[in-house]
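Treat the numbers as computed from the prediction; the structure is a model and nothing was measured. Note on naming: letters A, B, ... go to the chains in the order of the sequence lines (proteins, then strands), and numbering restarts at 1 for each one.
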Protein chains: 4
Amino acid sequence: MTQTVLPTFINLPLAKQEKIVAAALAEFADKGYQQASINVMVASSGIAKGSMYQYFKDKKGIFLYIFDFAISLVRRTLVQVKETTQEADFFTRLEKSLLAGVEFIRQHPRIYAIYLKILFDQHVPQRPQLLKAVRQFAAEYFQSLVRQGLERGEIRADLPGPVATFLLDALFDRFLQATCVPFFDVTLGLDQAPPEEIEHRVKELIDLLRQGLAS
Amino acid sequence: MTQTVLPTFINLPLAKQEKIVAAALAEFADKGYQQASINVMVASSGIAKGSMYQYFKDKKGIFLYIFDFAISLVRRTLVQVKETTQEADFFTRLEKSLLAGVEFIRQHPRIYAIYLKILFDQHVPQRPQLLKAVRQFAAEYFQSLVRQGLERGEIRADLPGPVATFLLDALFDRFLQATCVPFFDVTLGLDQAPPEEIEHRVKELIDLLRQGLAS
Amino acid sequence: MTQTVLPTFINLPLAKQEKIVAAALAEFADKGYQQASINVMVASSGIAKGSMYQYFKDKKGIFLYIFDFAISLVRRTLVQVKETTQEADFFTRLEKSLLAGVEFIRQHPRIYAIYLKILFDQHVPQRPQLLKAVRQFAAEYFQSLVRQGLERGEIRADLPGPVATFLLDALFDRFLQATCVPFFDVTLGLDQAPPEEIEHRVKELIDLLRQGLAS
Amino acid sequence: MTQTVLPTFINLPLAKQEKIVAAALAEFADKGYQQASINVMVASSGIAKGSMYQYFKDKKGIFLYIFDFAISLVRRTLVQVKETTQEADFFTRLEKSLLAGVEFIRQHPRIYAIYLKILFDQHVPQRPQLLKAVRQFAAEYFQSLVRQGLERGEIRADLPGPVATFLLDALFDRFLQATCVPFFDVTLGLDQAPPEEIEHRVKELIDLLRQGLAS
DNA sequence: AATGAATGAGAATTCATTCAT
DNA sequence: GATGAATGAATTCTCATTCAT
């Protein structure tokens, strides 16, 4: 893997780095990879166009850096959720995780938007690797939850593990999409719902899962 | 609503229409709305650039026509599934529906790809309306299944209907995505799975649902 | 000179001819020669595009026909003015002529617009000939008025004839332009003036001429 | 008023600026706004197509810049004429002004051509404003001449001021058109006349005016 | 005679990338 | 290291003209 962020960028004052990252993040989130305009990024971060090419090899380089930045934020957040819910029972952990997801998207909507863009755009550079990184991460998270739930006897022992993991992953991902993709969810109307209604729906969903999965 | 397909196109020999639709469908499915190139479409359908504009008002017009074409195919398919499974019990109907979905995507992968592109691209023309059309349709499908399941006493009476519908919709949509979006599903690996494995996974998933929802 | 109107057009029912002429006239008057769109003409006259080419050799042919149509209307009108004012004195004839011009433009604004377009567009086909036809006509009109005025002793005998003709031509043309070209005339504001004000200005102008030219 | 010339253009070496201005001026003067081709401009100024868009926002921006450039040249010239003839009597000033006009057009024929194009093309961007700028300027010039002529008692006191101004404006404008618009003037044939003949005609015209307007 | 589909050159504009200063 | 001007290929769309039906 050749270098895509150049050391020049790393040596930049943090404030400048942040400005550039914010601009690029916003543009990629809004338009997707191909459609994102470097012109827009440099204009809104107040740097010269040539400078962008001092910091990154090319458009791909910018994108990969932004992606790295984003995923490590996700990772840090999820690790923290995992740790702070260590002691809770399986279904409580699920609930806390889902609420944490909702909160994360509320605070970093652009990061989630980029993930969604990558998901369905075949032409994003290195899409397979990037996607694998995210999906693997999510899968492992749910696997570990399910494994612990089984060990503690909180969920039925006869479950086919992978399918259960799939189910959790699917429901959670879709729930999050429903909260932030306009016009997507017509069943619960989550994209327009106030926080307290979302929390209520989280509880309902977890209850439903409990009825299906609890031992 | 102004006209976007011109009569010229409708009067074309069917073979030519199909070639053009195929080319446009392929391009939109591959690249999304903005990134799709009319140049590519005309090249691969073997017509002159100007001709495209005899057939459609503009790029948006091509897109909307393709979308209409796609959604009416989906609708016809789903209606047929609904009718042929009229007599079956709730969970069997679910299974049949999901299998039909898998089959539809196998036969029309590009249509599903376009739907996914619309879903997450804020800049698709008339996205709200288009999306509403699709999502409403799906929601009603599941609602009617759930309603009938309740009436027949096949599923638990204490279910919060909307959440159950949401759950079905989410699981099915995600299952379908898993079968056709490369690198998306790392849990079951459905995107690379042979038909018989997919059928097996369908059964497992339906079983899981049965355990959670059956009365 | 090769044929540009084809006999096909001449054989058309008059109503159809008129519709086509009206549409072409409107389009050329609005946009000028190059910028005028045959598409627009056929759309607004309700005929097929191919038919236009049955009637005229090409765009140039349409234009030349329209021009001929227009100039013969002008000619007929001016001849009539000349005849009906035969007996009046020089300055009365001037006044009547100018008022007739104002009236003509009020009734056929598009014809005057086409003339103005030709005047300053080097790329109008056959511009030299067309322009000569119009200008010669106007010049002769004023020359004959001046000649008669001299013969009758109504205007000073020491006038350099050509310059006087030039002066009349210039004033009249500009006065007409002032009444119909928006934003052109900021001195008298004739483009927005009601008929009675225009008539008043005509009188003033003729008075001024009388003071300068009368014997 | 949004920016239309970009600073990039202003920072260019003067020689390059001039080449581009010359090319654009020539093209607009020849074809008018709509029909002028940016392709032609860049080809004849030897720059890349994309560069034009570094210099100007869009075609309108090029045009407005050229117009500004042109009108300020006109203004400077006329101001100078006014100042250097301060002491002369009314009719001498008229003569000097007209001669200066003739000379200006001889040296900058394209600028006058652009003015004429704007005059009669309804679709020129910002035509009302542009036209107002030019016409107001001309009107004020003649008004101030007439006013001074009246104050000094060089012209008749009973003249209706606006009509006199109109007359001067009309005659001068038309005289200038006659010298540079081919085939326009068939009375005096000024478009083909040698300088000394034009000067002679100027004298004749001024004499005629003197006879009509002098006190 | 009437039609209208087919064509392709040309229009304005955008954009990632390079490179001299 | 920072700059921003230069580039040219790509984009969508228009239009006069031809020609088979």
Check nucleotides 1-4 of chain F for protein N or O atoms closer than 3.5 Å to its own N or O atoms and list the pairs.
{"unit_1": "dA2(F)", "atom_1": "OP2", "unit_2": "Y55(A)", "atom_2": "OH", "d": "3.4"}
{"unit_1": "dA2(F)", "atom_1": "N7", "unit_2": "Q54(A)", "atom_2": "NE2", "d": "2.4"}
{"unit_1": "dT3(F)", "atom_1": "OP2", "unit_2": "S51(A)", "atom_2": "OG", "d": "2.6"}
{"unit_1": "dG4(F)", "atom_1": "N7", "unit_2": "G50(A)", "atom_2": "N", "d": "2.9"}

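- Contact record, I111(C) with A70(C): CG2-CB, 3.8 Å, taken as the closest heavy-atom pair.
- dT12(F) atom P lies 11 Å from atom CG of D58(B), rounded to whole Å.
- Taken together, the paired segments of DNA chain F that extend over three or more consecutive Watson-Crick or G-U pairs, each closer than 3.5 Å at both contacts, are E:2-21 with F:2-21.
- More than 12 heavy atoms of other residues, nucleotides or ligands lie within 6.0 Å of CZ in R127(A), so this atom counts as buried by the packing criterion.
- Rounded to an integer number of Å, the gap from CZ of F63(C) to C1' of dA16(F) is 16 Å.
- Side-chain contact between L130(B) and F63(B) is present, with heavy atoms from C-beta onward closer than 4.5 Å.
- The CG atom of N11(C) sits 8 Å away from the P atom of dA1(E) (whole-angstrom rounding).
- With K59(B) contributing its side chain and Y33(B) its backbone, the two residues share a donor-acceptor pair below 3.5 Å.
- Taking the centre of each ring, F28(C) and F67(C) stay at or above the 6.0 Å mark.
- With Q122(A) contributing its side chain and K31(B) its backbone, the two residues share no donor-acceptor pair below 3.5 Å.
- In this structure, the side chain of K117(A) engages the main chain of A29(A) through a donor-acceptor pair within 3.5 Å.
- Residues of residues 24-45 of chain C that place a heavy atom closer than 4.0 Å to DNA chain F, in numerical order, are A36(C), S37(C), I38(C), N39(C).
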Would you tabulate the side-chain donor-acceptor contacts of residues 42-56 of chain C under 3.5 Å, counting partners in other chains and residues two or more places apart, or write 'none'?
{"unit_1": "S44(C)", "atom_1": "OG", "unit_2": "V40(C)", "atom_2": "O", "d": "3.2"}
{"unit_1": "S45(C)", "atom_1": "OG", "unit_2": "M41(C)", "atom_2": "O", "d": "2.7"}
{"unit_1": "K49(C)", "atom_1": "NZ", "unit_2": "N39(C)", "atom_2": "OD1", "d": "2.8"}

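- Every residue two or more places apart in sequence or in another chain that forms a side-chain hydrogen bond (donor to acceptor under 3.5 Å, both in side chains) with D30(B) is listed here: H123(A).
- Rounded to whole Å, the distance from NZ on K57(C) to P on dA16(F) is 15 Å.
- L6(D) places its CG atom 12 Å from the P atom of dT13(E), with the value rounded to the nearest Å.
- The distance between atom CD1 of I20(D) and atom C1' of dA5(F), rounded to the nearest whole Å, is 11 Å.
- Legend: residues meeting side-chain hydrogen bond (donor to acceptor under 3.5 Å, both in side chains) with D58(D), ordered by chain and number and at least two apart, are absent.
- The CZ atom of F9(D) sits 13 Å away from the P atom of dA5(F) (whole-angstrom rounding).
- Other residues, nucleotides and ligands place no more than 12 heavy atoms under 6.0 Å from the NZ atom of K19(A).
- Rounded to an integer number of Å, the gap from I10(D) CD1 to dA5(F) P is 11 Å.
- Phosphate contact (OP1/OP2 of dT14(E), side-chain N/O of Y53(D), threshold under 4.0 Å): absent.
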